[in-house]
Structure formats: structure tokens, C-alpha cells
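This report refers to the structure that appears directly beneath it.
Side chains are part of it too, since the values below use all heavy atoms of this structure and drop only hydrogens, waters and symmetry mates. Chain letters run A, B, ... following the sequence lines, proteins first and then strands; every chain starts at 1.
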Amino acid sequence: MLQVQEIRENKEAYITALKKRGIDANEVLNAVIKADEQRRTTQAQLDETLAESNTLSKEIGNLFKSGRAAEANVLKEKTTVLKEASKTLSDDLNNTAEELQKLLYTIPNIPNTLVPAGTDENDNKETFREGDIPVLADGAMPHWELAKKYDLIDFELGVKITGAGFPVYKGKGARLQRALIAYFLDKNTSAGYTEYQVPHLVNEASGFGTGQLPDKEGQMYHVGVDDLYLIPTAEVPVTNMFRGDLVNESDLPITCTGYTPCFRREAGSYGAHVRGLNRLHQFDKVEIVRIEHPDNSYKALDGMVDHVVEILRELELPFRILRLCGGDLGFTAALTYDFEVFSTAQDRWLEISSVSNFEAFQANRLKLRFKDSDGNNRLAHTLNGSSLALPRVLAGILENYQTPEGIKIPKVLVPYCGFDMIS
RNA sequence: GGAGAGUUGGCAGAGUGGUCGAAUGCGGCAGUCUUGAAAACUGUUGAGGGUCACACCUCCAGGGGUUCGAAUCCCUUACUCUCCGCCA
């Protein structure tokens, strides 16, 4: 959520920046400013009425104490009028504040200057590419066929016990998953991130805090009887651990990592692009989250990008980095880098990580602040990134490492797997 | 599922109708002392709105009520804890 004061001060710049998202924000920003002015006017009137009322109350109290009940009763009548007035004003204020809040919820974050204009993924800007795309032998298969051939993943069994999009990992497939999780967590903790295990269900307040609610509840599974949501990413519980906190400047940065399953309803298309592991309702992910000083957040973002690069380099997977364009940028993000691994057998790029700086957008909703050296309370910046999303990494490994003899295991994973070949 | 007790400032924890935005402790900040640090001592320190700055207003879990006046009394919702039951 944007801050009203910032909108007031930077309206024109915000309109220009939001054009990159394909949004003409002129009208809504004007509406915000107008509602805010209305709010402040009403607030001032209410304050005045209450001040008068408070003064009278004190006088009445004093009169009663000194036994002048008759005079007190005269004043009492005055307060009745003031009470009615303040009731009306307070209702007005609530309505205006609610209206303002609703408007603010509809406005996405302001894209960073680096964000290219554009409408969809075709306008994303590739900023980096590394790794050789392997030349596969004849008869190379996509991962879902490999998974079947080597009995690593059973999609049909998942359908039987739950439904489409809930695969069952089996044998060396399950072991490889576990190895990846352990390897990712080790990489993250040795880079200084503190490991957490967090709940996989969150309450409504948490959904609001990170921006999944109120607009995107359809993307989350909702447990109605208890009014809880299955997490779509560890970002939600991890970031919300700090909701409402006021920390010391010296506590920053706060860095966390955690493994969780992720649940996404993603009612959408079915077909070739969502086959196998490409798109699932439940998948595993290791996440990194940083709470940063605003002066340091972009440096931290670069650091997170470098960190993910290192992991992909160690896995020896061909990858590229995209800077998301305005149209593809998430609602809460100011700048996002997507990582994609090349799936040789499918001949396409698969997104395996997304690293974003949300600046103060989430922190404003979360009321996540720090006390700076001048004693002022300021909103912190939040960032997060996947390191990494498991299914597509698995797909990338299966497809890129396949040989006629079997699937080789990336060197760095062998100690975690206990085997170096799936055959 | 049954019974009871709670929810107060960054944290812990007093406060049962006006003098309470709130004792005290911890933490934070500043200073004294010290070569420096620690300890000790002194001072200072809740948040939001509003203002050029004051004034002023709001906030003691959320919502409603009683009262001239509510952290304090009443109703209600949520959450937490303890005991019992069930259970990994």
C-alpha cells in the first residue's frame, strides 16, 4: 500500500511511473488526494468538537466537586448537542477513511526507474545469461516422460488421492527433492540467512499484510471452518512474523530463509505448458526474505540476485535473468528479477525464481518499522526471492542431465542424494 | 468439546470512574566517570493524526453501550493462557 503523504508529494512522478504498468492513475490518485483532504477536514472539525466537549466535562466535574450541581446541570445540556455533532462527524470520518483505504488498496506499487515499460512477458528485459545449453542425444524426453521411465514421480497417483496438480514423488525422485531442499537451505544459511520452519496455514491478517488479500483470495486455498488460508509461498508467514514490529536500526537487515510447500489454486489454462511439473497446485520452495534499511534495499536486491546466480552456477544449469516489465510486474513489487532455466527437451525457458524489492509497500501494510538514529520511526523495506522453486529445477535437471544411460546428478547434489546417477 | 483466567507503551508489568497517555523495571538515547569499554550514577524516552512550529485530537485487543466524564462499569467478537477430555 502506498503512503498518502508520498502520493500527495509525488503525484506527477507516480502517474508517469504507473504508466509503465499500463495504468492511467491520474483519476485514482486525484480521488485519493481528495478523499485525504476530506478526511483531514472532517478530522479537524471533529477534533474541535471533542476539545470543547472535553473542556466542558472538566468544568462539570469541578462544579460537582464544589457542590454547584445546578450550574453543572446547565453545562450538561450543552454537551448533549456536542455529542450529537461529534457522532455525525465521527461517522463521516469513518466513511471517508474507509473510502480512502479502498482506493489505496487498488493502487499497485510504483515501479522502479529500471523497470522497462511493457504489457506482458515479451517485454521483459534479459539482463544476464549463462551456461551452455546441452545438445541431447536422439530420443531425449521431456521430464514427465523421464519421471515415468525411471519411476520418479507418479502424477496419476496424485490425481487419485487428491486431484490434478498434486504429484507424488517416489524413490529417487523423492530423495532428489529432499536433497535439493537441504542443499538450498545450506546455501542460504551459509550466506547468513536464519533458517525458520513456519506454519503452512495463515490467518486473514497475514494475507492482508503481504498483499494476497483482499484482491487475490481466489489464488489461495481457504479453509472455511477455521478461516485460514494455505500459504501460496513462504513469503506470507515469514514476512508476517514481523508484522507490526518496531525494531532498532541496528537490527537491520533481518534475513530469513525457510522451506515450505506452496499451495496455489491458479484456476487457469490446461495444456502442454502446464504438463508435468510445469504448473502445480502444490509444490515445494525454499524462500529467502530480507527486511532492510531503505538506503540499502537495492544493494540487497543485487546481493540476492548474485546469491541465486551462485546456486544455479553450482547446479550447472543454463539460465537467464529477466528484469520484469511494468505489465508483468507483481502488484506489490517495485522491481523484480525472474530467473529462468532452459528446459532443453521442452525447448523453452522455465521460471525457477523471482527476486523482488517491495520497498515500503508491504511494510506500510504490515506496519513494519524501525527507529532510525534521529529517533524517527520509518517503514522498513522488504524483499524476497525464491532460492529456489523445486519442481522446475527438478524438471531442468532431469531434462538437461539426461543421457542414454540415465540421468546424471549434478556434482553438488551427490553428497545430498547418496547416488550420482538415476538409471 | 467442557470449565476458568487473561489481553495495557519496544519488552515485562502496575493501575477498578475525573488529578491516567498511564507507576515501576528492562531496553533505547544523551551525559558524568574511564586511555577506551564495562559497571555505576544522572537525565531522557509510547504511537498515530494535525500544525511552519505550537495548540489540539485519538489510541490501554476489535466493535457497541452506560456516564457530563471510561484503561477502569456493562454487552459482544477475536485471540492467548491454565485445568479437564480427546489425540500425534
- Message: Any N or O donor-acceptor pair under 3.5 Å from the base of rG49(B) to the side chain of Asp47(A)?
- Response: yes
Atom-pair distance ([atom1] on [X]; [atom2] on [N]), nearest Å:
X: Asp245(A); N: rG9(B); atom1: CG; atom2: C1'; value: 14 Å
X: Lys371(A); N: rC11(B); atom1: NZ; atom2: P; value: 12 Å
X: Lys367(A); N: rG48(B); atom1: NZ; atom2: C1'; value: 10 Å
X: Leu228(A); N: rC79(B); atom1: CG; atom2: C1'; value: 12 Å
X: Asn376(A); N: rC29(B); atom1: CG; atom2: P; value: 15 Å
X: Gln5(A); N: rG50(B); atom1: CD; atom2: C1'; value: 11 Å

Out of [options], which nucleotide sits closest to the side chain of [X]?
X: Phe64(A); options: rG28(B), rC57(B), rC68(B); result: rC68(B)
X: Gln43(A); options: rG48(B), rG49(B), rC68(B); result: rG49(B)
X: Arg369(A); options: rG28(B), rC57(B), rA47(B); result: rA47(B)
X: Asn54(A); options: rG46(B), rG50(B), rU58(B); result: rU58(B)
X: Lys83(A); options: rG28(B), rA47(B), rG69(B); result: rG69(B)

- Item | Residue whose nearest RNA chain B nucleotide is more 5′ - Thr55(A) or Lys87(A) |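 First, find each residue's nearest nucleotide; the 5'-ward one identifies Thr55(A).
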- Message: Please compare Asn94(A) and Asn377(A) by the position of their nearest nucleotide in RNA chain B and report the one closer to 5'.
- Response: Asn377(A)
Let's test this: given Watson-Crick or G-U wobble pairing with both distances under 3.5 Å, identify the partner of [N].
N: rA39(B); result: none
N: rA70(B); result: none
N: rA3(B); result: rU82(B)
N: rG50(B); result: none
N: rU24(B); result: rA12(B)

- Message: Please report the distance separating the P of rC60(B) from the corresponding atom of rG48(B), rounded so that it comes out in whole Å.
- Response: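 After rounding to an integer number of Å, I get 16 Å for this pair.
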- Query: Is the distance from OP1 or OP2 of rU51(B) to the nearest side-chain N or O of Arg40(A) less than 4.0 Å?
  - Reply: yes
